[in-house]
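These numbers come from the heavy atoms of this one structure, side chains and all, not from hydrogens, waters or symmetry mates.
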Amino acid sequence: MDYVEIEKKWNKIWADTKLYAFDKTKIDNKHYVLEMFSYPSGDKLHVGHWYNYGLSDSYARFMRAKGKNIFEPMGFDAFGLPAENYAIKTGIHPQDSTLKNIEYMERQLKDMGAMFDWDYELATCMPDYYRWTQWMFLQLFKHGLAYRKNAPVNWCPSCNTVLANEQVIDGKCERCESTVIRKNLTQWFFKITDYAEELLNCLDNLDWPERTKIMQRNWIGKSEGAELVFDMQDGKNNFKVFTTRADTLLGCSYAVLAPEHPLVDIITTSENKAAVEEYKLQAAKTTEIERLSTSKEKTGVFTGSYALNPLNGEKVPVWVGDYVLYSYGTGAIMGVAAHDERDYKFAKKHGLNIKRVIKNANGENDDLPYTEYGIMTDSGEFDGLTSEKGCIAVAKKLEKTGKGKLVTNYRLRDWLVSRQRYWGAPIPVVYCEHCGIVPVPEEQLPVRLPYDVNFTPDGVSPLAKHEEFVNTVCPKCGAKAKREVDTLDTFVCSSWYYLRYPDNKNTDKPFDMALIDKMLPVDKYVGGPEHACMHLLYARFFTKALRDMGYLHFDEPFRSLVHQGAILGPDGNRMSKSKGNVISPDPYVNKYGSDVFRAYLAFGFKYIEGGPWNDDGIKAIAKWIERVERIVERANEVKNINEKTANDEELNFVRNNTIKAVNEDYPAFSFNTAVARMMELTNALNKYDEGAINGKLYFDTVLDLIRLLAPICPHLCEEFWQISGQKFSVIDGGFPTVDERALVRSEIEIAVQINSKVRAKLMIDTSLDEKGIQRFVLENETVKKLLADAAVKKVIVIPNRLVNIIV
RNA sequence: GCCAGUGUGGCGAAAUGGCAGACGCAAGGGACUUAAAAUCCCUCGGGGGCAACUCCGUGUCGGUUCGAGUCCGACCACUGGCACCA
């Protein structure tokens, strides 16, 4: 058979009969299977996409065969940096290259033979989609969840442009190799921190990989502590610090402000000005990862000013140091050298005081820095309190003077959504001289992204150079006004696409609330683990924010989540054009057909782990499918022969063992073991077909095999099903269920261990209970010989597995 | 550096705390064939032994347990993420 031709034939029949179209009349039975949509880059679909989409589709097909009404849409995350960079390099407009890539990828996806219902397709760069992305922005703005503030960007002083982190290599611009600095710009933020507590709490009830939940918890980073106010000695200024160790306040011998802290300029004395300015410049060149490194030297400079300990008024020097981040806590810390490792290193380096105020539970001093919780000492009225109690007592005392309070702090930061780039959704805001920030009225959406824009990097957002776009009138007062020229982070587009799919053609609203309440949440979401903290958190935030605005009535978008592993290039590296290790599925699909290719991906890797690409085994899979084909033909020849044989029981055992395993493996995304079991069944059928044959058993077993394999080889199994005289379609032919009786065996081999070493193997009656097994084993002649005269101390019996005799 | 993972034959991998390596690939040997392809059969972690058999073996080192690839502790290596790649 020519597999490629067969696939074309069935693909057409499926499309013509709309076999996989979502049945809107049976939403109660829906099963929403969503794969993270892909970015239409110049690499087209590589084998990694195929792995993600092809096998998720196999899961969806299994669920369909089990009777579910599958909603499996596909679309494109089409805005973003790579298309713009490609345009800067080649002059090809991002819209042109993106639409062309989408067209190509659609064809590849269709060849895959997945159940995607193309009626629900979407692309985030189309005005009928980003109109609603802009609408989302307006709702967040209206509800106080979108605001502007100053925040740093990577700035290349030579190219005069903002760089993505990806474009900064070792602190240098990837294009011109100038040193990149951080520069402040006024930018839009979403207030995701308002939802920190709920985002944390709801994780508990999600059917997500545990490791992903742990990462999100750590990312949100809740910590209970105190916010303390340090007045400056000048009596005019103050700053706040966040600490989880208020019990160590009297051990504070200095304070450190982040270099970006606004107070730095105010309090730095004239003789220290030069050093502080120099230090700030240096800090602007250091990445956050470097600054957080615990092994990096703890640099810093003195401001020349002193602050007062809020508890006893003691004078402490105020320093500037880059190990303090402006974005975490309050951007300032109290330095307690004796009880914090980083503070200890800083104090040692700069010759600052080290004062112990905590002893261990035995009242002794441990080695410095002693950071564990212990007993307060040298702290006056607080002496003898445990650290836990002391933290609260100190904060409570300071509360009375307004110098402290208990607070909950989160590591999570608000989401910066402004991008000084062209290829994204314009932020729908107008700046008016009279009215200030004015949101674009909803009925004027979309704010269209103009086509004829000069996006070469030269210091301003590309849209700022488009006069027609920038100059507008104020929607409120009608006076001349200017549009916002930044675009939205593409993560905004992908934070709500799962809500748009089911109602993608709605022109009145982003989605119909009644419909979405029935269609969501997504029942199975499949995508890479690299999205654990950002995309998956942003999408959860959007769902919760929309719920609170009254647009949804559920709390979480993705009920169940699975991560596929990454298929790496043959060199073991992540596939990328620059490394030249991108593997296209096309040559394989053209040669072997998409079903064989999918079966190869299913069998060759553990799904959640992936691994380097290697096509060594693909021929073997093709041969296996050909064996199945021969077995199907054989089954049709012999189906009317009806005689019992001695091998019937064994074949029926393997058949049901396979059915049982495959039914468990598909929902667990354990495709490699499912294929292994089906290979065993193929082997059993081959072995059985020698001499006498029970044609009915053989034929029925083959019908089971066809249906078990259909989720992984849908086209070919459709053909096999037809050859076997069965009614279209195989996917609706029912999924085989196990006959447990066939799995019961009268005898089974167990291992006999003596002192935990295997010494013998015995066939044993499966009806025996533990005592019976023990008696049988101890009375066995071989075992008696092995034991000789040793005294049996203990016997451990694991039914159907082993017996361990301790002598 | 921090957070989260991963580490098992020549290779991809399997294994509710219970006989490590299922199922495959590659390799070697054989059958069929004038020959090749295809197909089928056998061997296939390492050491020792003519053999029955025996010892060692799941990144390294320790621990818990009758029993550890699996649980605990320390370490090493690699992968993903670290807030503007998506």
Of T212(A) and A751(A), whose nearest nucleotide on RNA chain B comes first from the 5' end?
T212(A)
With respect to the side chain of N804(A), which nucleotide from C82(B), C66(B), C23(B) is positioned closest?
C66(B)
In whole angstrom, what separates E680(A)'s CD from C23(B)'s C1'?
6 Å
Report the nucleotide, chosen from C19(B), A15(B), G80(B), that has the shortest atom-to-atom distance to any side-chain atom of E530(A).
G80(B)
Between Y588(A) and F597(A), ring centroids under 6.0 Å:
yes
C19(B), U6(B), U39(B): which one has an atom nearest the side-chain heavy atoms of E609(A)?
U6(B)
What is the nucleic acid contact for A620(A), judged by heavy atoms within less than 4.0 Å: base, sugar-phosphate only, or nothing?
sugar-phosphate
Whole-Å distance, L786(A) CG to A52(B) P, equals 16 Å
Quickly work out the Q774(A) CD to C66(B) C1' distance and round it to whole Å.
13 Å
In whole Å, what separates the P atom of C56(B) from that of A20(B)?
12 Å
Among G24(B), C19(B), C82(B), which is the nearest nucleotide to the side chain of F603(A)?
G24(B)
Read 5' to 3' with Watson-Crick or G-U pairs under 3.5 Å, [ ] for crossing pairs and | for partners on another strand, RNA chain B gives (((((((..(((.....[....))).(((((.......))))).((((....))))..(((((..]....))))))))))))....
What is the distance, to the nearest angstrom, from the CD1 atom on I220(A) to the C1' atom on A83(B)?
13 Å
Taking the P atom of each, how far is C3(B) from C19(B), in whole Å?
36 Å
Aromatic F653(A) / basic R745(A) pairing, under 6.0 angstrom, 45° off normal:
yes
Taking the side chain of I289(A) as its heavy atoms from C-beta onward, which of G18(B), G1(B), C56(B) lies nearest to it?
G1(B)
Hey, does L412(A) reach any base, or is it just sugar-phosphate, or nothing, if we go heavy atoms under 4.0 Å?
base
Quick one: which of U39(B), A86(B), C23(B) gets closest to the side chain of F491(A)?
A86(B)
Result for 5'-nearest mapping on RNA chain B, choosing between L81(A) and G617(A), is G617(A)
Nucleotide nearest N683(A) when distance is taken to its side chain, options C3(B), G24(B), U54(B)
G24(B)
Out of G5(B), C23(B), C66(B), whichever nucleotide has its closest atom nearest the side chain of I796(A):
C66(B)
Tell me which one of R148(A), K149(A), Q420(A) satisfies side chain to side chain donor-acceptor pair (under 3.5 Å) with Q187(A).
Q420(A)
Report yes or no: is the cationic atom of R411(A) (NZ for Lys, CZ for Arg) closer than 6.0 Å to the six-membered ring centre of W219(A), at no more than 45° off its axis?
yes
Please find the pair of heavy atoms, one from P529(A) and one from R211(A), that lie closest to each other, and give the distance.
CB-NH1, 4.1 Å
What nucleotide, of A4(B), U16(B), A83(B), holds the atom closest to the side chain of R801(A)?
U16(B)
Would you say the rings of F542(A) and W496(A) are close, in the sense that their centroids are separated by under 6.0 Å?
no
Length of the CD-C1' vector between E626(A) and A37(B), whole Å
12 Å
Taking the side chain of M534(A) as heavy atoms from C-beta outward, which of C40(B), G18(B), A83(B) is closest to it?
A83(B)
Considering only NZ, NE, NH1 and NH2 on the basic side and carboxylate oxygens on the acidic side, decide whether D204(A) and R217(A) come within less than 4.0 Å.
yes
If you draw the axis of the six-membered ring of Y323(A), does the NZ or CZ of K296(A) fall within 45° of it and under 6.0 Å from the ring centre?
no
